[in-house]
Amino acid sequence: MISVENIEKSFGERRILDGLSLDFAEGEVTAIVGSSGAGKSTLLRCIDFLERPDAGRVTIGDLTVDAASASRQEILQLRRRTAMVFQHFALFSRKTALQNVAEGLRVVRGRDRVEADREAREQLDRVGLSEHLDKYPAQLSGGQQQRVGIARALAMRPEVLLLDEPTSALDPELVGEVLATIRGIAEAGQTMVIVSHEMDFVRQVSNRVVFLDQGRVLDDASPEVFFGPDVQSRTRAFLREYHAARGRPEYQI
Ligand SMILES: Nc1ncnc2c1ncn2[C@@H]1O[C@H](COP(=O)(O)OP(=O)(O)O)[C@@H](O)[C@H]1O
Ligand SMILES: [Mg+2]
């Protein structure tokens with residue numbers, strides 16, 4: 001079980017997360033949706049203390065870390081149970097695909113070079129990049145770079161994989177290959193929390209949709225309900241705006 005309890009986070013005077021609590025079941029894909037500025041990235045970053053919450057607790061398995069008392073050691077332990085896939089990939093430009101994935105295995109997991117390379121190859125194979133092991137990020141398409149980012153995260157064997165708009169920096173024709181990769185990982189039973197604006201994908205892949213607005217959970221439903229006719233009015237307004245912005249009148253919500 002993964003949970004956040006009463007997470008509060010402000011930047012200056014602005015309260016971004018306002019006592020937010022959520023549980024994430026093992027093996028499930030939870031999608032976090034909401035308008036820009038709703039606090040989605042801040043929530044993901046609070047789960048692994050990339051942003052330290054002002055208050056609240058994060059639990060992953062048998063480890064609970066309280067913002068009020070978290071030690072460096074506890075935060076490191078928390079990070080070892082999570083991995084993040086970033087919007088802008090965050091690869092080392094002077095390392096090859098293989099080296100980008102193997103680096104964490106050596107530095108964080110203490111593997112020797114041979115073992116780290118073996119595991120890195122395995123993960124890159126999983127995301128369909130066996131042919132590109134020795135290429136540098138600049139020699140790869142955006143979609144391939146993001147798949148390296150996903151392989152790097154998977155190599156850490158996280159209890160929960162956090163993905164922050166993993167396709168939003170990609171050209172439209174490259175989105176599909178990355179979503180297909182994420183779908184495959186979800187089907188393999190990886191627990192995931194994913195922030196995404198790809199509503200078709202969210203609808204198909206997630207077990208649950210959490211709608212965040214101004215740092216609060218406004219809706220928390222199965223995709224069938226969330227995208228169905230009985231969804232609550234704020235969610236309906238959000239979805240209508242979303243589809244209108246994309247010129248998708250076929251979605252009559
Ligand atoms: N490090 C930061 N310093 C100051 N303000 C921030 C910081 N990170 C995020 N914010 C602000 O917090 C709000 C929520 O941001 P974010 O969590 O990135 O939203 P989302 O991912 O939903 O678009 C935004 O108004 C953003 O400008
Ligand atoms: Mg964001």
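In each ligand, atom 1 is the first atom listed, and ligand 1 is the first ligand listed.
Geometrically, ligand 1 and Ala38 share a nitrogen or oxygen pair separated by less than 3.5 Å. Annotation: Ile16 places no N or O atom under 3.5 Å from an N or O atom of ligand 1; distance criterion only. Checked against a 3.5 angstrom limit, the closest N/O atoms of Glu165 and ligand 1 fall outside it.
Taking Asp134 as the reference, nothing meets the salt bridge (charged side-chain N to carboxylate O under 4.0 Å, His left out) condition, with sequence neighbours excluded. With sequence neighbours left out, the side chain to side chain contact (heavy atoms under 4.5 Å, CB included) criterion links Glu74 to Val65, Ala70, Ser71. With sequence neighbours excluded, the residues satisfying ring-ring contact (aromatic ring centres under 6.0 Å, His included) with Phe238 are Phe211.
Looking only at heavy atoms of the protein, atom 18 (O) of ligand 1 is closest to Ser41 CB, 3.6 Å. Shortest contact from atom 8 (N) of ligand 1 to any protein heavy atom: Phe11 CE1, 3.3 Å. Protein heavy atom closest to atom 15 (O) of ligand 1, with residue, atom name and distance, is Thr42 OG1, 3.8 Å. The protein atom (non-hydrogen) at minimum distance from atom 26 (C) of ligand 1 is Arg14 NH1, 4.6 Å. Closest to atom 19 (O) of ligand 1, if we only count protein heavy atoms, is Gly39 N, 3.3 Å.
Here Glu131 contributes atom CD and Gln144 contributes atom CD; the two are 10.5 Å apart, rounded to the nearest 0.5 Å.
Within the 3.5 Å criterion, the main-chain N or O of Glu198 finds a donor-acceptor partner in the side chain of Ser196. At distances below 3.5 Å, at least one donor-acceptor pair connects side-chain atoms of Gln146 with backbone N or O atoms of Phe86.
Lys40 and Asp213 are not joined by a salt bridge, as no carboxylate oxygen comes within less than 4.0 angstrom of a charged side-chain nitrogen.
Of the N and O atoms on the side chains of Arg183 and Gln204, at least one donor lies less than 3.5 Å from an acceptor on the other residue.
Considering Thr59, Leu22, Asp66, Asp23 as possible partners of Glu5, the one that fulfils the side-chain contact (heavy atoms from CB on, under 4.5 Å) test is Thr59.
Residue-and-atom listing of protein N/O/S atoms under 2.8 Å from the Mg ion (ligand 2), sorted by chain and number: Ser41 OG.
No more than 12 heavy atoms of other residues, nucleotides or ligands sit less than 6.0 Å from atom CD of Glu241.
Of the candidates Cys46, Gly37, Ser35, the one placing a heavy atom closest to atom 14 (C) of ligand 1 is Gly37.
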